[in-house]
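Okay, so here's the structure we're looking at.
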Amino acid sequence: MALHDARYADLFPRLTEAQISQKVEPFGEYIEVAAGDILFKPGDQDTDLFVIRSGQLDILTVDAHGQEALVVQHGAGDFTGEINMFSRRRNLVLGRVSQAGRMLRVTRTAFRQLVAQHADLSELMLRAFILRRVSLLETQGRQTVLIGSSKDPETLRVRRFLSRSGHPFHLLDIESDPGAASALEAFERTSADLPLVAVAGQPLLSGPSNREIAEVLGIAEIGDDGQLWDVVVVGAGPAGLAAAVYGASEGLRVLCIEADAWGGQAGTSSKIENYLGFPTGISGQALAARSHTQALKFGAQISVSRRVARLDCSALPYALHLDDGSTVRAASVIIASGARYRRLEVGDALARFEGNGIYYGATRVEAAFCAGAQVGVVGGGNSAGQAAIFLAETAAHVHLIIRRADLSATMSRYLIERIEAHPRITIHAHSEVADAMGAENLESIKVRTRTPGQAEADALTELGITRLFVLIGATPNTDFARGCLALDSHGFVLTGADALPTVAGSDASSTQGGIGRTPHFLETSKRAVFAVGDVRAGSVKRVASAVGEGSMAIHFAHRALEESPETTLLPQRRA
């Protein structure tokens with residue numbers, strides 16, 4: 001991290017004497033430190049905040065081989081910490097005293113009280129923490145090394161998970177990086193062990209699952225076993241994160257469980273330009289990261305890579321059984337599990353290229369493979385349009401494949417105008433992917449183009465597309481709720497008046513009981529269980545509406561709990 005960084009004053013603001021003595025001191029205790037003392041190291045959890053009063057503290061990164069690099073030297077008035085102060089994520093840096101002195105130590109519990117009571121310090125510290133994490137990401141922090149192959153779908157999965165989880169890492173690609181072979185030898189591993197993930201201070205991971213990585217990073221934990229949560233949110237897309245922010249900000253005990261990485265489908269969007277308050281646009285990943293930080297700031301617990309296997313609605317409090325065999329209890333539940341892009345129905349031809357030529361999200365990780373390539377995007381919605389424009393920045397050409405005659409009924413006008421004016425984007429109307437060819441990698445696809453009203457005039461064209469992005473339709477993530485909640489014929493959750501058993505086509509006959517009234521807006525067929533965002537039947541598939549529904553669900557959760565005959569389930573606000 002360069003000390004001449006133009007943002008240095010924001011990255012490392014210095015507290016005034018008045019701020020320290022009047023606002024921070026009541027929450028901390030003084031300690032004497034000697035040169036060489038280590039206050040925290042990579043891999044630590046629950047790291048405290050330190051304000052330097054005298055002496056000097058060096059902040060260093062430590063790579064997987066133990067090599068150190070100086071980030072900054074803290075002097076009097078400086079404070080430590082980054083965004084993990086609001087969570088139990090493992091520490092990324094080493095804090096070692098280089099000059100004896102006196103420091104003010106603030107525990108994590110006291111730190112939360114400090115920022116809750118002093119808005120000015122909360123703003124100053126939060127800005128610094130966010131920028132420090134961003135700087136580590138921009139410099140691809142050396143604390144975590146990923147060794148793998150750019151041709152391997154498993155390596156791509158790990159890259160995507162680390163990237164979307166906001167964790168800095170350095171990639172050693174065995175296809176192009178001479179240092180990869182040396183790293184394999186140093187770790188006494190072979191190519192059969194790839195991908196490898198080396199996190200400073202943690203055991204080496206070989207072919208790890210997302211759960212194993214999340215546990216090492218400290219982002220999979222749920223907290224106290226047996227705790228009754230006021231609200232459990234299933235899913236950390238825009239709707240789920242909004243519910244977590246608003247619920248936690250009102251003092252509710254909120255747990256958010258995410259099966260993959262926070263942000264949902266929106267988190268894979270290259271740029272969202274029609275979201276209120278961001279006139280120049282914002283990437284889905286950036287929006288998700290900010291929302292995630294905001295939820296943590298208010299005290300929500302967010303657990304990543306944990307999947308809800310079954311929702312038990314048979315009794316209050318509700319029980320959510322997770323895929324690792326553990327159970328979470330909740331007075332109210334907000335289903336924000338979203339939907340996933342559908343696979344193309346062309347048999348097994350595409351399955352073997354998934355993650356190695358065929359993708360279901362266009363983040364910067366996937367876009368890195370598209371420079372100078374012929375790229376295909378399947379779909380006519382906003383996500384497909386954003387992906388086409390984003391990929392056209394570096395691709396030789398982008399082919400947008402749609403079934404309709406044009407994009408007017410499914411895509412925002414501003415995206416259509418850009419696509420139609422872009423010299424490297426071609427729209428293939430009345431078309432669909434018929435086949436995919438290639439040996440180990442995707443080499444081309446066949447596209448069937450239909451002439452309306454003339455089936456015999458269908459044309460089959462082969463295109464030299466080596467990167468194909470499939471962004472079509474949506475299948476709801478509701479398998480865990482079947483037999484518990486009323487779903488429509490496509491598996492989306494019914495809410496409000498639609499959740500009544502008289503709704504035709506719902507499977508509600510065996511799931512009613514316990515409400516005794518018309519469900520609230522966003523409430524399902526079970527009292528105090530709500531559905532928001534893409535998973536809800538009839539929802540508007542837009543980020544803004546998902547955020548609105550997530551925030552509104554908290555209001556109705558309060559009402560439903562107050563009406564509950566189970567007085568023990570009334571929200572228990574944090575002290």
Side-chain angles (χ1 to χ4, degrees), residues 23 27 45-49 81-89 106-133 165-166 218-219 221-224 227-258 261-264 267 277 286-304 328 330-334 336 530 532-533 543 546-558 561 570-575:
K23 297 181 179 181
F27 294 91
Q45 285 184 292
D46 299 322
T47 305
D48 296 329
L49 179 82
E82 54 113 5
I83 204 64
N84 62 354
M85 284 299 301
F86 291 101
S87 70
R88 299 199 71 236
R89 297 184 74 149
V106 182
T107 67
R108 294 170 64 84
T109 301
F111 169 74
R112 285 193 175 277
Q113 297 171 343
L114 168 65
V115 295
Q117 291 186 28
H118 298 292
D120 58 334
L121 287 185
S122 174
E123 181 179 348
L124 180 146
M125 289 181 169
L126 184 58
R127 183 191 301 116
F129 291 165
I130 291 173
L131 288 176
R132 291 174 188 181
R133 169 67 62 149
S165 298
I219 58 176
E221 298 179 7
I222 282 185
D224 299 337
Q227 176 176 341
L228 174 61
W229 299 89
D230 296 326
V231 182
V232 170
V233 183
V234 183
L241 288 172
V245 167
Y246 281 88
S249 69
E250 293 183 13
L252 298 178
R253 300 180 188 274
V254 178
L255 170 65
C256 185
I257 302 173
E258 168 56 46
W262 54 75
L287 181 63
R290 293 185 184 190
S291 303
H292 174 260
T293 299
Q294 199 171 8
L296 294 178
K297 169 189 171 183
F298 288 119
Q301 173 77 40
I302 300 179
S303 180
V304 174
V328 172
S332 64
V333 179
I334 296 178
F530 302 85
V532 296
V543 172
V547 169
E549 289 185 8
S551 59
M552 284 190 292
I554 295 298
H555 166 73
F556 290 108
H558 274 295
L561 289 170
L570 289 177
Q572 303 170 32
R573 295 180 183 273
R574 295 189 304 274

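- Without hydrogens or angle criteria, Ser332 side chain to Asp230 main chain gives a donor-acceptor distance under 3.5 Å.
- Ala546 pairs by the side chain to side chain contact (heavy atoms under 4.5 Å, CB included) definition with Pro238, Ala239, not counting sequence neighbours.
- Side-chain contact between Met125 and Met85 is absent, with no heavy atoms from C-beta onward closer than 4.5 Å.
- Rounding to the nearest 0.5 angstrom, the gap separating the CD1 atom in Ile83 from the CG atom in Leu131 is 9.5 Å.
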Quick one: side chains of residues 288-301, donor-acceptor pairs under 3.5 Å with protein atoms, not counting sequence neighbours, listed by atom name and distance.
unit_1 : atom_1 : unit_2 : atom_2 : d
Ser291 : OG     : Leu287 : O      : 2.8
Thr293 : OG1    : Ala289 : O      : 3.0
Gln301 : NE2    : Glu221 : O      : 3.0

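- Taking both residues in full, the closest heavy atoms of Ala244 and Val233 are given as N-CG2, 4.5 Å, listed atom of the first, atom of the second, then distance.
- The two residues Ala330 and Val232 make their nearest non-hydrogen contact at CB-CG2, 3.4 Å.
- Considering all non-hydrogen atoms of both residues, Trp229 and Val328 come closest at CD1-CG1, 3.7 Å.
- Distance alone, capped at 3.5 Å, is enough to place a donor-acceptor pair between the Arg132 side chain and the Gly81 backbone.
- The minimum heavy-atom distance linking Leu241 with Gly263 is given by the pair CD1-N, 4.4 Å.
- Within the 4.5 Å cutoff, the side chain of Leu255 has no heavy atoms near those of the Gln227 side chain.
- Applying the salt bridge (Lys or Arg N to Asp or Glu O under 4.0 Å) rule to Arg133 yields the partners Glu82; only residues at least two apart in sequence or on another chain are considered.
- Heavy atoms only, all atoms of each residue included: Phe27 and Ala110 are closest at O-CB, 3.3 Å.
- Trp262 and Gly166 make their closest contact through CZ2-N, 4.4 Å (heavy atoms, listed as atom of the first residue, atom of the second, distance).
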| field | Leu114 vs Leu121, side-chain contact (heavy atoms from CB on, under 4.5 Å): CA-CA, chis, key distance, verdict | value | CA-CA 8 Å; Leu114 168 65; Leu121 287 185; 4.0 Å; yes
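- Looking at Leu252 and Ile554, their side chains come closer than 4.5 Å, going by heavy atoms from C-beta outward.
- Annotation for Phe86: atom CZ counts as buried by contact number, over 12 foreign heavy atoms lying within 6.0 Å.
- Between Val254 and Val245, the closest side-chain pair of non-hydrogen atoms is not below 4.5 Å.
- The side-chain heavy atoms of Asp48 and Thr107, taken from C-beta on, include a pair separated by under 4.5 Å.
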